[in-house]
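First comes the structure, then the notes that go with it.
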Amino acid sequence: MSLKIYGIAASRAIRPLWAAEELGLPYEQIPIHYASPEVKQPGYLRLNPNGTVPVIEDNGLVVFESLAITTYLARRYGAGTLGPDGWAEEAAVLQWTLWAATEAEPLARQWFHHTRFLPEDRREPGLARAALQALAPRLAVLANAVSATGYLVAGRFTVADLNMAAVLQRLAELGGHDHAGLMDWHRRCLERPAARRAFALRQPG
């Protein structure tokens, strides 16, 4: 099997797993936990020197950073479908992918860390509230973007939608209910058969 995806599904590895499912690519998942000592071992660090998940190997090509991986897979195997068709679409995909990484994910993670992820004695509710306040105008921008055609790029589901929906998995809790159209877009993304198959990998057994 030529494509290997390293990382458990309950991590950012869900993103390349979802992309591979969308593209119908055969792959092998190596379910390394993000907190496992294995990610700090020399063998793994040769693949991803950051010591994080995910990373992929695809016919000898190694790529880390989840949103770079999904965009690479879409461009290589899904041009004109999951991936962009032409330079204008490519620019739009990159625009929204980088927006997800810089405008949305840091705040979404700040909220998540201080409501769910950190031990209770290390959580700071003020930081969680601040994250939601900062996200509000950004979600308004995103809601406006999907209002015209229902998707971010070219009126169809692309890797830009996959990347954004994966970054904003907990959209409802992050203020998404203030934007009905945005919630509808999010639901349609996560109800796709490929998304269901990928997220099912998080289930035990």
Side-chain angles (χ1 to χ4, degrees), residues 9-19 22 34 50 52-54 64-75 82-84 87-118 122-192 194-195 198-199 202:
S11 74
R12 287 186 176 99
I14 191 65
R15 302 167 186 178
L17 290 167
W18 182 1
E22 288 283 351
Y34 53 83
N50 301 290
T52 58
V53 299
F64 54 80
E65 291 300 317
S66 62
L67 300 180
I69 294 168
T70 56
T71 305
Y72 156 74
L73 292 174
R75 289 191 65 210
L82 186 66
W87 288 108
E89 290 187 12
E90 173 129 5
V93 164
L94 289 174
Q95 168 186 277
W96 286 113
T97 295
L98 291 171
W99 192 95
T102 59
E103 298 293 327
E105 183 158 34
L107 294 169
R109 287 185 63 78
Q110 179 175 312
W111 172 85
F112 178 66
H113 274 235
H114 292 282
T115 57
R116 305 283 182 79
F117 186 76
L118 292 174
R122 292 177 56 196
R123 297 176 190 173
E124 297 186 35
L127 289 178
R129 290 193 297 270
L132 292 182
Q133 290 171 357
L135 268 171
R138 290 164 169 83
L139 294 185
V141 168
L142 187 60
N144 185 63
V146 301
S147 65
T149 66
Y151 293 103
L152 287 170
V153 178
R156 70 178 192 277
F157 180 85
T158 69
V159 69
D161 300 286
L162 185 157
N163 289 340
M164 191 74 70
V167 164
L168 294 173
Q169 288 177 45
R170 298 171 179 84
L171 180 61
E173 296 171 272
L174 294 169
H177 278 309
D178 292 336
H179 306 280
L182 187 59
M183 289 301 300
D184 177 67
W185 161 83
H186 194 253
R187 175 189 56 76
R188 285 184 286 110
C189 290
L190 293 186
E191 286 183 354
R192 293 176 65 83
F199 279 91
R202 290 185 166 185

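Please read all numbers here as calculations on a predicted model, not as lab measurements.
- The two residues Ala108 and Leu135 come nearest to each other via the heavy atoms N-CD1, 4.1 Å.
- A donor-acceptor pair under 3.5 Å links the side-chain atoms of His114 to the main chain of Glu124, judged by distance alone.
- Atom CG of residue Leu171 and atom CG of residue Leu139 lie 6.0 Å apart, to the nearest 0.5 angstrom.
- Of all heavy-atom pairs between Gln133 and Pro137, the closest is O-CD, 3.4 Å.
- When each of Glu105, Glu65, Glu22 is tested with Arg15 by the rule salt bridge (charged side-chain N to carboxylate O under 4.0 Å, His left out), just one qualifies, namely Glu105.
- Within the 4.5 Å cutoff, side-chain heavy atoms of Leu82 are placed close to those of Phe157.
- Between Phe199 and Trp18, the ring-plane angle classifies as perpendicular under the 30° and 60° cut-offs.
- The CD atom of Gln110 lies 11.5 Å from the CZ atom of Arg129; values are rounded to the nearest 0.5 Å.
- Of all non-hydrogen atoms in Pro106 and Ala101, the two that sit nearest each other are CD-O, 3.2 Å.
- Applying the 6.0 Å contact sphere to CZ of Arg123 captures more than 12 heavy atoms from other residues, nucleotides or ligands.
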Assess whether side chain to side chain contact (heavy atoms under 4.5 Å, CB included) is satisfied between Trp99 and Val141, documenting all intermediate values. CA-CA 11 Å; Trp99 192 95; Val141 168; 4.3 Å; yes
CA sep, side-chain torsions, deciding dist, call: His179, Val146, side chain to side chain contact (heavy atoms under 4.5 Å, CB included): CA-CA 11 Å; His179 306 280; Val146 301; over 6 Å; no
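- The closest donor-acceptor contact from the side chain of His186 to the backbone of Leu168 lies under 3.5 Å.
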Do Thr70 and Thr97 pass the side chain to side chain contact (heavy atoms under 4.5 Å, CB included) test, and can you show the C-alpha distance, the side-chain angles, and the key distance before you say yes or no? CA-CA 10 Å; Thr70 56; Thr97 295; 5.8 Å; no
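- Note: Asp161 CG to Trp96 CH2 = 10.5 Å, rounded to the nearest 0.5 Å.
- Sorted by first and then second residue, the side-chain hydrogen bond (donor to acceptor under 3.5 Å, both in side chains) pairs involving residues 141-156 (not counting sequence neighbours) are Glu89-Arg156, Tyr151-Arg188.
- The CH2 atom of Trp185 sits 8.0 Å away from atom CG of Leu190, with the distance rounded to the nearest 0.5 Å.
- Separation of atoms CG (Leu94) and CG (Leu67) is listed at 11.0 Å; rounding is to 0.5 Å.
- Residues Met183 and Arg187 form no side-chain contact, since every pair of their non-hydrogen atoms from C-beta on lies 4.5 Å or further apart.
- With contacts defined as side-chain heavy-atom distances shorter than 4.5 Å, the pair Phe64/Asn50 qualifies.
- Listed here is the closest heavy atom pair of Val167 and Ala100: CG1-O, 3.9 Å.
- Separating the CH2 atom in Trp111 from the CZ atom in Arg170 is a distance of 6.5 Å, to the nearest 0.5 Å.
- Here the closest heavy-atom approach between residue Ala198 and residue Ala9 is recorded as O-CB, 4.3 Å.
- Contact record, Val53 with Arg12: O-CB, 4.3 Å, taken as the closest heavy-atom pair.
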